Amino acid sequence: MSPLTAVVDALRRARTITVLTGAGVSAASGIPTFRGADGLWKKVRAETLATPEAFEHDPKLVWEWYDWRRQMIRDAEPNAAHHVLARWTRERPGTTLITQNVDGLHERAGAEQLIRLHGSIWHVRCWKACATGCTDWLDNRAPLPQLPPRCPHCGGLVRPGVVWFGESLDRGVIARALDATRCDVFLTVGTSAIVYPAAGLVHQAKRHGAFTVEINLEETSASSGVDVALRGKAEEILQEIDRAAGTGH
Ligand code: OAD
């Protein structure tokens, strides 16, 4: 049996499927990944833009970077990978999608049951957690009229609603993601499997007895631990699997 056939077979038999996605899933939409030759972290150091310290030091610089990314994402469209996964969440009960991406492209493709591990670039919250507390709100203006944007309640700074390096993930969100590792098939797609706790989910799924699959252009630190590693573009492989599993239209 070919590796792809093994995956299709496992998916056909599965009652519950969990998919973890990373930046590679949005690459075909023209959104740069973080690592690799053209990755965002090759051009700028993460510590100067994606940490609470960086924001404290230079909120305008941090916001200029996020505002640039928001404009790029605004002009992008979901690709075949987003569409296949979104349809699985709608049409296959028992499918959970977990993403590290903050771009909102899964949502724009119509995904349901989505767990956003690292927040959303389209949400913001008060830096000082004033009257709004820690609650995020949607502000999808791109470009933003004022940088850095100001909190409508206290006039203080507003920060992007994403998780930065050195910050903890929301406890409720990580609990839901861990719950979803109790599944029949777990796919890790387009992620370098470097950033924890996201990178640990596939191992957790394996411990729970899931059939584990990686889809990635290249080998990652998750590759040796999965049952099947499929090399190639997520947007192509997912369509191939979808057609073969008979879920495509
Ligand atoms: P990375 O940039 O670390 O990894 C992207 C992965 O996608 C790489 O392993 C590529 O080989 C793969 N890839 C690229 N194009 C692909 C394609 N068309 N099909 C399949 N695979 C492809 O991105 P993430 O793993 O998502 O965190 O990074 C994890 C986290 O690190 C991000 O959420 C972000 C970042 O710093 C925060 O901002 C907290």
Side-chain angles (χ1 to χ4, degrees), residues 3-4 7 19-55 62 65-66 68-70 72-73 76-85 97-106 114-123 136 159-170 173-174 177 187-203 213-226 228-242:
L4 192 111
V7 174
V19 186
L20 169 70
T21 64
V25 159
S26 294
S29 297
I31 312 292
T33 60
F34 293 95
R35 297 169 186 83
D38 295 325
L40 290 170
W41 298 151
K42 273 271 148 51
K43 296 182 176 73
V44 285
R45 287 171 56 230
E47 307 86 72
T48 61
L49 291 169
T51 61
E53 293 75 21
F55 189 76
V62 171
W65 189 66
Y66 278 95
W68 166 72
R69 285 176 62 202
R70 284 161 60 109
M72 179 167 53
I73 295 164
E77 294 294 335
N79 65 61
H82 298 110
H83 288 300
V84 167
L85 295 174
L97 187 52
I98 307 172
T99 190
Q100 298 166 86
N101 300 344
V102 297
D103 56 31
L105 290 178
H106 283 306
L114 178 66
I115 301 173
R116 285 196 302 240
L117 284 180
H118 294 163
S120 157
I121 202 165
W122 299 112
H123 285 76
D136 291 353
R159 60 162 285 171
V162 300
V163 177
W164 281 327
F165 289 101
E167 292 186 316
S168 304
L169 269 59
D170 180 277
V173 168
I174 192 67
L187 293 99
T188 173
V189 188
T191 172
S192 57
I194 285 174
V195 173
Y196 279 78
L201 295 173
V202 65
H203 306 299
V213 181
E214 175 181 69
I215 301 174
N216 200 302
L217 283 180
E218 52 194 45
E219 189 163 332
T220 73
S221 51
S223 306
S224 59
V226 294
V228 175
L230 299 173
R231 290 283 155 265
K233 295 180 172 175
E235 60 277 16
E236 292 174 1
I237 294 179
L238 283 170
Q239 284 192 98
E240 217 175 317
I241 290 173
D242 193 44

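Quick caveat, the model's predicted, so the values are computed rather than measured. Order of appearance sets the numbers: ligands from 1, and atoms from 1 within every ligand.
- At least one N or O atom of W41, backbone or side chain, sits closer than 3.5 Å to an N or O atom of ligand 1.
- Which of A199, A27, A234 comes nearest to atom 20 (C) of ligand 1 through a heavy atom is settled by distance: it is A234.
- Between I215 and V7 there is no side-chain heavy-atom pair separated by less than 4.5 Å.
- Between R35 and V195 there is a side-chain heavy-atom pair separated by less than 4.5 Å.
- The nearest heavy-atom contact from the protein to atom 26 (O) of ligand 1 is A23 N, 2.8 Å.
- Between the side chain of T33 and the backbone N or O of A23 there is no donor-acceptor pair closer than 3.5 Å.
- At under 3.5 Å, not a single nitrogen or oxygen of F165, backbone or side chain, sits near a nitrogen or oxygen of ligand 1.
- Judged by distance alone, the side chains of S26 and H82 do bring a donor and an acceptor atom under 3.5 Å apart.
- Counting only non-hydrogen atoms, the option in S29, P32, G24, G22 that gets closest to atom 16 (C) of ligand 1 is G24.
- With a 4.0 Å heavy-atom cut-off, ligand 1 is reached by the side chain of V195 but not by its N, CA, C or O.
- Of the protein's non-hydrogen atoms, the one nearest atom 6 (C) of ligand 1 is G190 O, 3.5 Å.
- In terms of the side chain to side chain donor-acceptor pair (under 3.5 Å) criterion, residue partners of R231 (sequence neighbours excluded) are, by chain and number, E214, S223.
- Within the 4.0 Å heavy-atom cutoff, A198 does not count among the residues contacting ligand 1.
- Under 4.0 Å from ligand 1, not a single heavy atom of W164 appears.
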Compile the donor-acceptor pairs under 3.5 Å between side chains in residues 160-169 and protein atoms, sequence neighbours left out, one pair per line.
from : atom 1 : to   : atom 2 : distance (Å)
W164 : NE1    : Y66  : OH     : 2.8
E167 : OE1    : R159 : NH2    : 3.1
E167 : OE1    : W164 : N      : 2.7
E167 : OE2    : R159 : NH1    : 2.7

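- Looking at every heavy atom in both residues, I174 comes nearest to P197 through CD1-CG, 3.6 Å.
- Nearest protein heavy-atom contact of atom 15 (N) of ligand 1 is L217 CD1, 3.4 Å.
- At a 4.0 Å heavy-atom cut-off, ligand 1 touches H118 through the side chain alone.
- Residue-to-ligand polar distances place T191 within reach of ligand 1: an N/O pair is separated by less than 3.5 Å.
- Between the side chain of N101 and the backbone N or O of D103 there is no donor-acceptor pair closer than 3.5 Å.
- For atom 11 (O) of ligand 1, the closest heavy atom belonging to the protein is N216 OD1, 2.7 Å.
- Close approach of ligand 1 to G232 (heavy-atom distance below 4.0 Å) involves ligand atoms 19 (N), 20 (C).
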